[in-house]
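Below is one structure, written out as structure tokens, with a few remarks after it.
Because the structure is a prediction, the values reported are computed rather than measured.
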Amino acid sequence: MQIQEKAGLTFPAALRSVLRQDPDVVFVGEMRDAEVSSIAMRASLTGHMVLSTLHTNGIVETFARLVDMGLETYLLASSLQLVMAQRLLRRLCSHCAKPATLDGDLVVEFDLSPEQVTTAHHRVAVGCRQCGETGYRGRVAVYEVLQLNAAVRAVLRAGGGETAIKQACDDMGVVWLWQAGIARALAGETSFEEVRRVLAPTE
């Protein structure tokens, strides 16, 4: 709905009104301030499925962002079920992209294993009339997904920082955006240059 602050129809007021109707699922367009985030968190704790978006660099930074908005880590541990980050990479043009061998610099830069090198379908951008001479046409998404388990919840309840949360995610085998981007490049869907342009290596 369109908010109208002069009439008292603010985003938090609208959200409270929606929750009074006791919906099963609530979609909050964006958690942008402490008040909205607090209302959404309380709704989650009382049995509603709450879906929302947040501007962060990745799943680990999501927790710090919510804490910055005044939410307690023990509440996050009790209410959050799944966190997903995504980025869009340009897709190589299907008309002009050409196969190429992986040179040594790329293997070192992206820390590729021998198995990845031998099974790679590496392609590079060329450019044609179909793609406006860019070498790319369309987008392909890469994802970072964390379904909270007991270990991550324990870290949150203990007030653990980003380093501890990341370690718990690593122990779960979370695939980071950088790794997902490399997988897309190895599959020939995008280029390593595009991965380098959009994503940052996981530290």
Side-chain angles (χ1 to χ4, degrees), residues 53-66 73 76-77 80-158 160-203:
T53 64
L54 197 65
H55 289 285
T56 66
N57 290 326
I59 58 174
V60 174
E61 292 82 3
T62 299
F63 301 99
R65 179 79 179 94
L66 290 171
T73 53
L76 298 179
L80 278 178
Q81 299 296 321
L82 184 138
V83 182
M84 182 179 74
Q86 76 164 24
R87 294 290 184 279
L88 293 177
L89 303 175
R90 292 181 298 172
R91 186 188 294 272
L92 284 168
C93 176
S94 60
H95 294 88
C96 64
K98 67 176 184 180
T101 57
L102 281 167
D103 61 51
D105 290 340
L106 283 178
V107 173
V108 172
E109 179 184 353
F110 291 92
D111 193 23
L112 303 179
S113 68
E115 182 182 359
Q116 287 176 311
V117 173
T118 56
T119 58
H121 298 283
H122 177 48
R123 298 194 301 164
V124 295
V126 178
C128 65
R129 292 182 63 184
Q130 296 288 336
C131 60
E133 303 299 334
T134 64
Y136 299 92
R137 189 175 184 185
R139 296 288 188 273
V140 60
V142 290
Y143 304 98
E144 203 172 73
V145 182
L146 168 64
Q147 185 170 3
L148 276 72
N149 65 2
V152 176
R153 297 185 195 280
V155 171
L156 288 172
R157 290 192 178 97
E162 289 187 11
T163 302
I165 293 172
K166 183 182 181 303
Q167 183 58 57
C169 292
D170 279 330
D171 294 341
M172 289 178 62
V174 168
V175 177
W176 304 105
L177 288 172
W178 179 253
Q179 296 169 324
I182 291 174
R184 293 287 194 184
L186 290 171
E189 298 176 59
T190 190
S191 66
F192 283 99
E193 289 74 16
E194 181 70 357
V195 174
R196 185 192 299 121
R197 184 183 71 87
V198 176
L199 304 174
T202 304
E203 296 180 357

Nearest 0.5 Å, please: how far is CD in Glu61 from CG in Leu66? 12.0 Å
Is Arg184 reaching over with its side chain to a backbone N or O of Ala141, donor-acceptor style, under 3.5 angstrom? yes
Thr190 vs Val142, test: side-chain contact (heavy atoms from CB on, under 4.5 Å). Steps then yes/no. CA-CA 11 Å; Thr190 190; Val142 290; over 6 Å; no
Heavy-atom closest contact (Leu186 atom, Gln116 atom, distance): CD1-NE2, 3.7 Å
Can you run down the side-chain hydrogen bond (donor to acceptor under 3.5 Å, both in side chains) pairs that involve residues 126-136, sequence neighbours left out, and say none if there aren't any? Gln130-Arg137, Tyr136-Ser191
With sequence neighbours excluded, tell me which residues meet side chain to side chain contact (heavy atoms under 4.5 Å, CB included) with Arg153. Ala77, Gln81, Leu148, Arg157
For the residue pair Trp176 and Leu199, establish whether any side-chain heavy-atom pair is separated by less than 4.5 Å. no
By side chain to side chain donor-acceptor pair (under 3.5 Å), Thr56 pairs with (sequence neighbours left out) Thr62
Run Val155 and Val152 through side-chain contact (heavy atoms from CB on, under 4.5 Å) and show every step you take. CA-CA 5 Å; Val155 171; Val152 176; 5.6 Å; no
What heavy-atom pair brings Leu89 and Val198 nearest, and what distance separates the two atoms? CD2-CB, 3.5 Å
With sequence neighbours left out, which residue pairs that include part of residues 177-198 fulfil the ring pair (Phe, Tyr, Trp, His ring centres under 6.0 Å) condition? Phe110-Trp178, Phe110-Phe192, His122-Phe192
Report the C-alpha distance between Ile165 and Ile59 in whole Å, list the side-chain angles of each, state the deciding distance to 0.1 Å, and finish with yes or no for side-chain contact (heavy atoms from CB on, under 4.5 Å). CA-CA 10 Å; Ile165 293 172; Ile59 58 174; over 6 Å; no
What is the distance from atom CD1 of Ile182 to atom CG of Asp111, rounded to the nearest 0.5 Å? 7.5 Å
Exercise: identify the closest heavy-atom pair between Ala97 and Leu92: CB-CB, 4.0 Å
Any idea which heavy atoms bring Leu112 and Leu102 closest together, and the distance? CD1-CD1, 4.0 Å
Short side-chain to backbone donor-acceptor contact, Arg123 and Gly188, under 3.5 Å: yes
Around atom CD of Gln147, are there more than 12 heavy atoms of other residues, nucleotides or ligands at under 6.0 Å? no
By salt bridge (charged side-chain N to carboxylate O under 4.0 Å, His left out), Arg196 pairs with (sequence neighbours left out) Glu109
Tightest non-hydrogen contact, residues Gly135 and Cys131, listed as N-SG, 3.2 Å
Search all heavy atoms of Gly58 against all heavy atoms of Ala85 and return the closest pair with its distance. CA-CB, 3.9 Å
Pairs meeting criterion side-chain hydrogen bond (donor to acceptor under 3.5 Å, both in side chains) with involvement of residues 85-106, two or more places apart: Arg90-Glu194
